[in-house]
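These notes concern the structure reproduced below.
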Amino acid sequence: MTIERISTNNRMSKIVKHNGTAYLCGQVAKDRNGDIHTQVTGMLEKVDELLESIGSGRDKILSATIYLADMADFKAMNEVWDNWVPEGEAPARACVQAQMASPELKVEISVVAATS
């Protein structure tokens, strides 16, 4: 059994790969002070970058869990999400309200994707 941990520190790894599957650590917005559209866009850009770094992509996402600080942002988050997910390639997904680690954060995502 081979487990590959990428960008690991004492607390977590950015990516863990095992058996053709990649588990990304939670991703938040690049601009933590932006509105929900800005935060979701920046967060998904970070997901793209991580997936690309391991030879995967949006079309290989198996599941996503989205955490919103306020469910009032659900519709606005979905406006960005729906344009980001490739047509016909939507992953299994859950979206829940959660208290964020920093008060300015509006959204976070956890992604599992195929790598081969």
Side-chain angles (χ1 to χ4, degrees):
M1 173 173 60
T2 302
I3 298 173
E4 180 183 359
R5 300 176 196 282
I6 300 169
S7 296
T8 301
N9 62 33
N10 289 342
R11 182 169 294 160
M12 66 182 171
S13 299
K14 281 196 176 183
I15 304 169
V16 175
K17 291 170 56 177
H18 176 259
N19 260 359
T21 304
Y23 304 83
L24 307 186
C25 69
Q27 296 301 301
V28 297
K30 289 182 175 184
D31 177 1
R32 292 172 172 234
N33 296 309
D35 66 9
I36 187 65
H37 286 99
T38 301
Q39 287 203 21
V40 173
T41 299
M43 174 188 77
L44 295 175
E45 287 172 0
K46 289 170 70 175
V47 169
D48 280 334
E49 292 164 6
L50 288 173
L51 292 174
E52 185 178 310
S53 77
I54 58 170
S56 189
R58 295 177 197 177
D59 62 326
K60 294 194 173 45
I61 296 175
L62 304 172
S63 71
T65 303
I66 300 170
Y67 305 92
L68 287 173
D70 186 344
M71 287 304 285
D73 288 329
F74 185 72
K75 182 180 177 188
M77 179 275 299
N78 276 324
E79 289 171 1
V80 179
W81 172 266
D82 291 346
N83 287 312
W84 181 78
V85 174
E87 188 172 337
E89 304 290 343
R93 191 187 98 167
C95 184
V96 298
Q97 184 169 332
Q99 185 173 349
M100 298 291 125
S102 297
E104 69 277 7
L105 290 172
K106 298 181 183 304
V107 63
E108 183 170 348
I109 191 169
S110 179
V111 170
V112 177
T115 59
S116 55

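Each residue takes its place number in the sequence, starting with 1.
Across all non-hydrogen atoms, the minimal contact from Glu104 to Asn33 is CB-OD1, 4.0 Å. Minimum heavy-atom separation, Leu50 to Ser53: O-OG, 2.6 Å. Among all heavy-atom pairs drawn from Met100 and Leu105, the shortest one is CG-O, 3.3 Å. Between Ile54 and Lys17, the shortest heavy-atom distance links the atoms CG2-CD, 4.0 Å. Scanning both residues, Val96 and Met71, for their nearest heavy atoms gives C-SD, 4.0 Å. A pairwise comparison of heavy atoms in Ser56 and Ala114 identifies OG-O, 2.6 Å as the closest pair.
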Show the numbers, then the answer: is there a side-chain contact (heavy atoms from CB on, under 4.5 Å) between Leu68 and Ile36?
CA-CA 10 Å; Leu68 287 173; Ile36 187 65; 4.2 Å; yes

As a quick check of understanding, evaluate side-chain contact (heavy atoms from CB on, under 4.5 Å) for Val85 and Ile61, giving each step before the final call.
CA-CA 9 Å; Val85 174; Ile61 296 175; over 6 Å; no

Let's go through Arg58 and Glu89 carefully: what are the C-alpha distance in whole Å and the side-chain angles of both, what is the deciding distance for side-chain contact (heavy atoms from CB on, under 4.5 Å) to 0.1 Å, and is it a yes or a no?
CA-CA 8 Å; Arg58 295 177 197 177; Glu89 304 290 343; over 6 Å; no

What verdict does the side-chain contact (heavy atoms from CB on, under 4.5 Å) test give for Lys14 and Ile6, after you've listed the backbone C-alpha separation in whole Å, the side-chain angles of each residue and the deciding distance to 0.1 Å?
CA-CA 6 Å; Lys14 281 196 176 183; Ile6 300 169; 5.6 Å; no

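Tyr23 places none of its side-chain heavy atoms less than 4.5 Å from the side chain of Ile15. In this structure, Trp81 and Ile109 have side chains that are in contact, with non-hydrogen atoms separated by less than 4.5 Å. Within the 4.5 Å cutoff, side-chain heavy atoms of Glu49 are placed close to those of Lys30. Side-chain contact check for Glu79 versus His37: some heavy-atom pair is nearer than 4.5 Å. Considering only heavy atoms from C-beta on, Val107 stays 4.5 Å or farther from Asp73 through its side chain. In this structure the side chain of Lys60 never reaches within 4.5 angstrom of the side chain of Thr115, judged on heavy atoms.
Classification of Lys106 and Asp70 as a salt-bridged pair fails, no side-chain N sitting under 4.0 Å from a carboxylate O.
Atoms CZ and OG1, on Arg93 and Thr65 in that order, are 10.0 Å from each other to the nearest 0.5 Å. In this structure, the separation between CE on Met43 and CH2 on Trp84 is 8.0 Å, given to the nearest 0.5 Å. Interatomic distance, Lys75 NZ to Asp82 CG, rounded to the nearest 0.5 Å: 11.5 Å. For the atom pair CZ of Arg5 and CE of Met12, the computed distance is 13.5 Å after rounding to the nearest 0.5 Å.
Val112 and Val47 fall into different hydrophobic clusters, where Ile, Leu, Val, Met, Phe, Trp and Tyr are joined by side-chain heavy atoms under 4.5 Å apart, directly or via other members. Follow the hydrophobic side-chain contacts under 4.5 Å out from Leu44 and you reach Leu51 in the same cluster.
Of the possible donor and acceptor atoms, none in the side chain of Glu108 sits under 3.5 Å from a partner among the backbone N and O of Val28.
By the 6.0 Å contact criterion, CD on Glu52 is open, its count of non-hydrogen atoms from other residues, nucleotides or ligands being 12 or less.
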